[in-house]
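Lettering follows sequence order; numbering is per chain, from 1. Note that the structure is predicted; figures quoted are calculated from it, not measured.
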Amino acid sequence: MPELPEVETIVRQLAPSVPGRRIVKARVFRPDVLREPPDHFRRGVTGATIRSVTRRGKNVVLVLSHSSVLVVNLGMTGRLLLLRPGVNAGPSHVAVDLSLESGDSLLYADTRRFGRLTLYSAEEWGRESRRLGPEPLGKSLDAEAFHQRLRGSKAPLRSWLLDQKHLAGVGNIYACEALHQAGIHPLRTASSLDSRESERLLRSLRRVLRKAIEARGTTLRDYRTASGEEGGFLPFLQAYGREGKPCPRCGSPIVRIVFSNRSAFLCPICQPAPPTGTE
DNA sequence: AGTGTATCCTGCAGGC
DNA sequence: TGCCTGCAGGATACAC
């Protein structure tokens, strides 16, 4: 669930208050969210000062002193919360608790435990980060560069958008929303878009991501901001999760299709189906 | 280079 | 009330 806007919301909330603070104690309740033995993780973070909190794709990136980097990928149900004792209540399914010297805690909670906390050296994280595609809201990606990237792939657009090596941060909700807004069918192949269509798709993608950030993300069920609040973007979804409900643009019922083992939501009128190629 | 399938997990909604 | 099935924001590995 946590896609770019949700992770960006969490990072924006943590960035003003967390950097400069030291981790005085680390408790691991669910070792399976770590990629290394719990005692190694505890040794790696205890005593370290958090230098910065940033985002790369769907990852929260915490740069620690001693040039190590703690990367949090929230999976489907992960939450990263700043818990102020006596102010906000703790969540269930706490996996890792990082106590800060002020008495606050940075909690990682995750019902399904698909999320991961990974401790990298700066070099290792640099390598990992370079494997991800460009940031969709970043300056380096212009319409021309986007079109060039699309031209190299025959994958269906929805699959292409979800692949983090093409673009970093797009998930199923915002892929479906952007395609709907751009009037492009999710099964169109990436390379089939002409320059006008690819420009329209990039514009739609950026618009929906920005709007979702403004609304502090989409809470379907589990997502919470770093302060434990729900995101406000759900009422603005035009296609995702709206099977059978009227398309806000043309009124015809939204349709759910499944491919690559995941649902896609679309308007069959606004998003004309590509030729099947079998006839 | 693609796709389909399965896996890691829990919880909730809907049908009966 | 309970049982069952299907479904869920993600990432990855496998066979084909």
Practice item. Counting heavy atoms from C-beta on, name the nucleotide in C/dA8, B/dT10, B/dG4 closest to the side chain of A/S260. Key: B/dG4
Review point. Can you tell me how far P of C/dT12 sits from CG of A/L132, to the nearest Å?
Key: 9 Å
Study note, to complete from the structure: Among C/dC7, B/dT10, B/dG2, the one nearest any side-chain atom of A/P156 is B/dG2
Practice item. Using a heavy-atom cut-off of under 4.0 Å over every strand shown, decide if A/N73 touches base, sugar-phosphate, or nothing. Key: sugar-phosphate
Check your understanding: On a plain distance test, is the side chain of A/R112 in donor-acceptor contact with the base of C/dA8 below 3.5 Å?
Key -> yes
Practice item. Using only side-chain N and O atoms of A/T77, determine if any of them is under 4.0 Å from OP1 or OP2 of C/dG10. Key: no
Review point. Does any residue of residues 164-172 of chain A have a heavy atom under 4.0 Å from DNA chain C, and if so, which ones, in number order?
Key: A/Q164, A/G171, A/N172
**Study point:** Sidechain-backbone polar pair: A/Q13 side chain, A/I10 backbone, donor-acceptor under 3.5 Å
**Key:** no
Practice item. Under 4.0 Å between any heavy atoms, over every strand shown, what does A/Y240 touch: base, sugar-phosphate, or nothing? Just pick one. Key: sugar-phosphate
Exercise for review: Examine distances only and state if a side-chain atom of A/R116 and a backbone atom of A/N73 form a donor-acceptor pair shorter than 3.5 Å.
Suggested key: no
**Study point:** Point-to-point distance, once rounded to the nearest 0.5 Å, from CD of A/Q271 to NE2 of A/H180
**Key:** 5.5 Å
Review point. Has A/S153 got a side-chain N or O lying under 4.0 Å from the OP1 or OP2 atom of B/dA1?
Key: no
Check your understanding: What nucleotide among B/dT10, C/dC7, C/dG10 has an atom nearest to a side-chain atom of A/H93?
Key -> B/dT10
Check your understanding: Taking the side chain from A/S198 and the backbone from A/S195, do they hold a donor-acceptor pair closer than 3.5 Å?
Key -> yes
Point to revise | A/F29 atom CZ, neighbour heavy-atom count above 12 within 6.0 Å | key: yes
Exercise for review: Could you check A/F114 against A/K154 and say which one's nearest nucleotide on DNA chain B is further toward the 5' end?
Suggested key: A/K154
Check your understanding: How far, in whole Å, is B/dC9 from C/dA13 if one measures between their P atoms?
Key -> 16 Å
Exercise for review: Answer with base, sugar-phosphate or nothing: what part of the nucleic acid does A/R256 contact at a heavy-atom distance below 4.0 Å?
Suggested key: sugar-phosphate
Check your understanding: So, is A/R262 near the phosphate of C/dG10, with a side-chain N or O under 4.0 Å from OP1 or OP2?
Key -> yes
**Study point:** Atom-to-atom span, CG of A/L157 to C1' of B/dG2 - whole angstrom
**Key:** 14 Å
Check your understanding: Would you say A/K245's side chain and A/P253's backbone share a donor-acceptor pair under 3.5 angstrom?
Key -> no
Practice item. Measure from the side chain of A/M76, starting at C-beta and using heavy atoms only, and say which of B/dT10, B/dT5, C/dG10 lies closest. Key: C/dG10
Review point. Are the side chain of A/R249 and the backbone of A/Q181 linked by a donor-acceptor contact shorter than 3.5 Å?
Key: yes
Point to revise | Atom-pair distance (CZ on A/R158; P on C/dG10), nearest Å | key: 10 Å
Study note, to complete from the structure: Applying the 3.5 Å cut-off to both distances, the Watson-Crick or G-U partner of B/dT3 turns out to be C/dA15
Check your understanding: With rounding to whole Å, what would you report as the distance between C/dC3 and B/dC8 at their P atoms?
Key -> 24 Å
